[in-house]
Number of protein chains: 2
Amino acid sequence: MIVRENENTGELYTLLTGWAFRYRTMSDGRRQIFNFLLPGDFIGLQDQLEEASPHGIEALSAATLCVFPRSRLWDLYRAHPALGFDLTWLSAHEGLIVDENLLSVGQRSAVERIAMLLIHLYKRAESLGLGDAESVPMPLTQQHFADALGLSLVHTNKTLKRLEALGLHTLERGKLKLLNPAAMARLADYHALPLRGRPLI
Amino acid sequence: MIVRENENTGELYTLLTGWAFRYRTMSDGRRQIFNFLLPGDFIGLQDQLEEASPHGIEALSAATLCVFPRSRLWDLYRAHPALGFDLTWLSAHEGLIVDENLLSVGQRSAVERIAMLLIHLYKRAESLGLGDAESVPMPLTQQHFADALGLSLVHTNKTLKRLEALGLHTLERGKLKLLNPAAMARLADYHALPLRGRPLI
DNA sequence: CGACATGTTGAGATGGATCAACACTTGTGG
DNA sequence: CCACAAGTGTTGATCCATCTCAACATGTCG
């Protein structure tokens, strides 16, 4: 547990190693995962100064963080405009990913959603050099897939199995392999978002 | 049409008057609306420099824009760190709204989604001083509701009617009235996001 | 007046939800 | 070392919220 919902830590973080996710729980317990966080992602920009954080953040694996006091955020903008610029970049980039998730949840069928999430996470992990030539680590539980995609746990399981049966991927012991990335991309209507020089803060 | 999908205008805008929406179309024509834009909202931050915009933006009414050349964005950060700070604020704030939509589309039922969108737009318009004491303008078509909420047009129509029949609101000739805001907020599990001093760029 | 966008309504089909088991793994305490 | 609980994954049967299809109504604008 990195950031608790409706609390304010007064801190910002960069995720240095490990995986995490950002989510929100409704008063009756339903949970929506907004995004998954990988090394290099920044945490806490959405929380406006001094306000309680509208979402929680939990780690999916052992993780290390770089901590910033929120009170010095403004100093940073003044003293290092380039870093401020990078922060806006990071914020906008996370926005793009959330947009993509919204597109999935709003318009894609269950198979398409799962396919999309699998490729998307695969590409992100791969581009960070995680995993080896044929697979990347995948610390999510099926419940996480379900909560990110707005599907029930049962249907998530069945859909995941169906894709495996089609020979599109394997997912075991926390390792994801894409056996037919092209077919999966076609299925998901996936288009890589161009990731030009991503800054690290 | 303000920004075309997959093109790059090299410009940024502030929406000064009027309504607009930000969306993306899949290759088979399905469309997801990410967010609605009201006066004061900034346009174009998500589009990374020089890349084609991953989404389109269209006006819902007559609108006026303030135009910035994208090439001078970096100058602005260097010369006026405070404005850079505000831009990050605006970007993060739009992120919060998109999160909220994702929560709706992922977890809420059709009635809840419609109720949520109605209150949310009502509050935003009201806080900008649009409309009068009892109603705000509402230039959306039912198709816009449907595309924003991930519902079919037909079901959107029926659900909207149902809420009207329950006496929760009226929506005619482009004017929205909330007859029982409390009940509607309860239905939607709505919690206002605190809007502290919003900057205008 | 016709053309086109928008709104309305009913009937029937279906993707995904819900309910209910059961299997496997891991950790814990006795 | 075993017994048990808790978390996770798997599978089948049934239900229902929402989708699709198909009309028709209304309004606007040339």
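Heavy-atom basis, side chains included; hydrogens, waters and symmetry copies ignored. Numbers restart at 1 for each chain; the letters A, B, ... are given by sequence-line order, proteins then strands.
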- [ ] Would you work out how much the helix from C:dC1-D:dG30 to C:dG30-D:dC1 bends between its ends, with each end axis defined by five base pairs, to 10 degrees?
- [x]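 So the angle between the two local helix axes works out to 40°.
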
- [ ] Determine, for nucleotides 3-13 of chain C in 5'-to-3' order, which nucleotides have protein heavy atoms under 4.0 Å from the base (write B), from only the sugar-phosphate (write S), or from neither (write -).
- [x] ---SSBBBB--

Task: Heavy-atom protein contacts under 4.0 Å, nucleotides 23-30 of chain D, coded B base, S sugar-phosphate only, - none - done: --------

Open item on the list: Do A:His55 and A:Asp47 pair up side chain to side chain, a donor and an acceptor below 3.5 Å, judged on atom types alone?
Closed with: yes

- [ ] Please determine, by modelled atom types, if B:Gln46 and A:Asp99 share a side-chain donor-acceptor pair under 3.5 angstrom.
- [x]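 No, because no side-chain N or O of B:Gln46 sits under 3.5 Å from a partner of the opposite role on A:Asp99.
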
Mind listing the closest non-hydrogen atom pair of [X] and [Y] along with its distance?
X        : Y        : result
A:Val105 : A:Arg113 : O-NH2, 3.4 Å
A:Leu176 : A:Leu118 : CD2-O, 3.9 Å
A:Asp189 : A:His191 : OD1-NE2, 3.4 Å
A:Leu45  : B:Ala92  : O-CB, 3.6 Å
B:Ala20  : B:Ile57  : CB-CG2, 4.3 Å

TODO: Before accepting this row, confirm whether a basic side-chain N of the pair B:Glu112/A:Arg30 lies closer than 4.0 Å to the acidic partner's carboxylate O.
DONE: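 Salt bridge between B:Glu112 and A:Arg30, a charged N being under 4.0 Å from a carboxylate O: yes.
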
TODO: Taking only Lys NZ, Arg NE, NH1 and NH2, and the carboxylate oxygens of Asp or Glu, determine whether B:Arg124 and B:Asp41 approach each other closer than 4.0 Å.
DONE: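 Counted as a salt bridge, because a side-chain N and a carboxylate O are separated by less than 4.0 Å.
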
- [ ] Over 60° means perpendicular and under 30° means parallel, so classify the ring planes of A:Phe85 and B:Trp74, tilted if in between.
- [x]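 Ring orientation, 0 to 90° scale: perpendicular.
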
Open item on the list: Once you measure the plane-to-plane angle for B:Tyr23 and B:Phe21, does it fall in the parallel (<30°), tilted (30-60°) or perpendicular (>60°) bin?
Closed with: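 Ring orientation of B:Tyr23 relative to B:Phe21: tilted.
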
TODO: Go through the structure and list residues passing ring-ring contact (aromatic ring centres under 6.0 Å, His included) with B:Phe42, not counting sequence neighbours.
DONE: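 B:Phe42 satisfies ring-ring contact (aromatic ring centres under 6.0 Å, His included) with B:Phe68 once adjacent residues are dropped.
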
TODO: Identify, residue by residue, the members of residues 19-38 of chain B with a heavy atom below 4.0 Å from DNA chain D, and return them in order of residue number, or none.
DONE: none

TODO: Take A:Glu172 and A:Lys177 through the test salt bridge (Lys or Arg N to Asp or Glu O under 4.0 Å) and record every step on the way to the result.
DONE: CA-CA 9 Å; A:Glu172 48 190 6; A:Lys177 291 183 202 184; 6.0 Å; no

Whole angstrom is fine here: how far is it from [atom1] in [X] over to [atom2] in [N]?
X        : N      : atom1 : atom2 : value
A:Gln107 : D:dT20 : CD    : C1'   : 15 Å
A:Glu172 : C:dT25 : CD    : P     : 13 Å
A:Asp147 : C:dA17 : CG    : P     : 11 Å

Task: Validation row, ring centre B:Phe36 to ring centre B:Trp19 under 6.0 Å - done: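 Centroid separation for B:Phe36 and B:Trp19: 6.0 Å or greater.
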
Open item on the list: Has B:Gln107 got a side-chain atom pairing as donor or acceptor with A:Gly150's backbone, closer than 3.5 angstrom?
Closed with: no

Short N/O separations, protein against nucleotides 16-18 of chain D, under 3.5 angstrom:
unit_1: D:dT18; atom_1: OP1; unit_2: B:Ala110; atom_2: N; d: 3.0

